[in-house]
Amino acid sequence: MTTSAPPSPSYAPLPFADVDDDPSADAAFALEFTPALATDAPRTLVNSIPLEGSGFVAPFVPCVPEVAAQALRFGCVGPGDVLADFGCGDGRILEAALALPSGAPSLCIGVELDPHLAAHLRDVVAPRFQAAAAAAAAAATTVVAEGSRKQTPATLEVYEGDMFELARNLHHPWRVSAVVLYLLPAGLERLRPHLEDWLAAEEKDDDDDDDDEKDADDDGRLAAAGRKVWKRRRRVVAIQYSVPGWACERAEQHARGWIFYYDLNDVRCAERPFCSEIATAVAVYGRAFWKSALRVIDALVIYASTGECSSTWKP
């Protein structure tokens, strides 16, 4: 049976949402204006009870597959990364990482509070993920001095629990290098302190290189990839909503909203409010400005060399 793609919504969420907005209103908004997407998750708890007082910070709204892939590419996720998704739902962002042109991350970590979704991740998504990862690794080879050997398949780990508690594992023992988030502003705000600590620890890791190598040897999950994972620059990719209180120097638009990229420099910039506002404006409007500027420069070059005005610009 063939199904047609859902139509694009006529109204897209504003990319810079206020963390003081009513979470229930944001949740209702997300459910109303996000196209209904197919999911093989049988049922959820979060979408069947009121959010207030439940421990949940957002409804289960599946991410559009094309947007998930775009966010992963925008975050330069690839081999050697440990990727984490907090509030991962049905795991589609983590599964999308297997199809990245650059290659899959070494390890994918999914955190989900909803018991039904967590069970679905363990019982259905994880076996499917490992089978696809094994097939992808078998099809690809890495050239080494002795010849060719098969790549080690990516692995998926699922954690059922409160993301704000489990976020303490970002630095150790998980050693995450990339975080992708599809959350409402209230959830991003509560997660921000943990992300800031994790990003700030990147500098300390460079100073403690020898200790890191010893720890990596003790961690069987990362094995030989541990050194590569540890040296990858840490970054956060937020889908649809920016992280409240952070500057943003890189943002990319998709069909239904925005994708935001952050690293340690953005957190530092956010400590200076004026710098934060300028960086955010540049991220969103910078491309349009430079395209216009280049058109003006081209017209000036034509005018200087030929004495004729461009048809699209005149001095």
Side-chain angles (χ1 to χ4, degrees), residues 55 57 72 75-89 91 93-95 97-98 103-115 117-119 121-123 125-127 129-130 133-134 137 151-183 187-188 190-238 243 262-264 267:
V57 294
L72 292 166
C76 301
V77 176
D81 270 316
V82 172
L83 172 68
D85 180 5
F86 289 88
C88 63
I93 293 178
L94 300 174
E95 287 194 276
L98 290 175
S106 302
L107 174 65
C108 292
I109 296 174
V111 178
E112 179 54 53
L113 180 60
D114 190 306
L117 288 172
L121 289 166
R122 290 189 298 265
D123 300 339
V125 176
F129 181 100
Q130 297 305 152
Q151 290 183 345
T152 302
T155 56
L156 172 66
E157 294 183 359
V158 178
Y159 293 86
E160 179 181 348
D162 187 339
M163 73 173 89
F164 306 111
E165 293 293 328
L166 291 171
R168 298 172 181 175
N169 297 328
L170 274 168
H171 176 59
H172 185 80
W174 289 353
R175 298 193 182 166
V176 170
S177 57
V179 176
V180 177
L181 301 171
Y182 184 32
L183 298 171
L188 294 171
R190 288 183 58 188
L191 203 56
R192 190 184 71 186
H194 299 291
L195 297 173
E196 289 175 348
D197 291 344
W198 166 67
L199 289 170
E202 185 177 43
E203 288 184 321
K204 182 178 182 299
D205 294 339
D206 293 337
D207 297 333
D208 297 340
D209 190 63
D210 293 337
D211 293 337
D212 294 343
E213 184 173 8
K214 181 178 181 299
D215 291 341
D217 291 339
D218 294 337
D219 192 343
R221 294 178 305 134
L222 302 186
R227 289 289 298 161
K228 293 182 181 179
V229 171
W230 201 253
K231 303 303 289 185
R232 295 278 288 183
R233 185 166 185 81
R234 297 176 184 180
R235 62 265 192 217
V236 176
V237 178
V243 178
Y262 305 93
D263 57 26
L264 181 59
V267 175

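All residue numbers refer to positions in the sequence shown, counting from 1.
Side chains of Trp198 and Val179 form a contact here, defined as non-hydrogen atoms less than 4.5 Å apart. Taking the side chain as every heavy atom from C-beta outward, Val125 and Val158 never approach each other to under 4.5 Å. Taking 4.5 Å as the limit, every side-chain heavy atom of Arg234 sits out of range of all side-chain heavy atoms of Leu170. Residues Val236 and Arg192 form no side-chain contact, since every pair of their non-hydrogen atoms from C-beta on lies 4.5 Å or further apart. Contact check for Leu181 versus Phe86: side-chain heavy atoms found under the 4.5 Å cut-off. Looking only at side-chain heavy atoms (C-beta outward), Trp174 and Leu107 stay at 4.5 Å or farther from each other. You'll find the side chain of Arg122 stays beyond 4.5 Å of the side chain of Pro127, heavy atoms only.
With hydrogens and angles ignored, the 3.5 Å screen pairs no side-chain donor or acceptor of Asp197 with any backbone N or O of His194. Panel note: side chain Arg233, backbone Asp263; no donor-acceptor pair is recorded below 3.5 Å. With Asp162 contributing its side chain and Phe164 its backbone, the two residues share a donor-acceptor pair below 3.5 Å. Counting only distance, with no hydrogens or angles, the side chain of Gln130 and the backbone of Ala154 share a donor-acceptor pair below 3.5 Å. No side-chain donor-acceptor contact under 3.5 Å links Glu157 to the backbone of Ile109.
Note that the CZ atom of Arg168 and the CG atom of Leu166 stand 9.5 Å from one another [nearest 0.5 Å]. For the atom pair CG of Leu83 and OG of Ser177, the computed distance is 7.5 Å after rounding to the nearest 0.5 Å.
Listed here is the closest heavy atom pair of Leu191 and Ala167: CD1-CB, 3.8 Å. The nearest pair of heavy atoms linking Leu117 to Gly89 is CB-O, 3.9 Å. Between Leu199 and Val267, the closest heavy-atom pair is CD1-CG2, 3.5 Å. Across all their heavy atoms, Val77 and Pro105 have their closest contact at CG1-CG, 3.6 Å. When all heavy atoms of Leu98 and Ala133 are compared, the closest pair comes out as CD2-CB, 3.8 Å. Closest non-hydrogen pair, Gly161 versus Val111, comes out as O-CG1, 4.0 Å.
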CA sep, side-chain torsions, deciding dist, call: Leu94, Leu121, side-chain contact (heavy atoms from CB on, under 4.5 Å): CA-CA 11 Å; Leu94 300 174; Leu121 289 166; 5.9 Å; no
Residues Tyr262, Leu195; criterion side-chain contact (heavy atoms from CB on, under 4.5 Å); working and verdict: CA-CA 10 Å; Tyr262 305 93; Leu195 297 173; over 6 Å; no
Yes or no on side-chain contact (heavy atoms from CB on, under 4.5 Å) for Val243 and Glu196, after CA distance, side-chain angles and deciding distance? CA-CA 11 Å; Val243 178; Glu196 289 175 348; over 6 Å; no
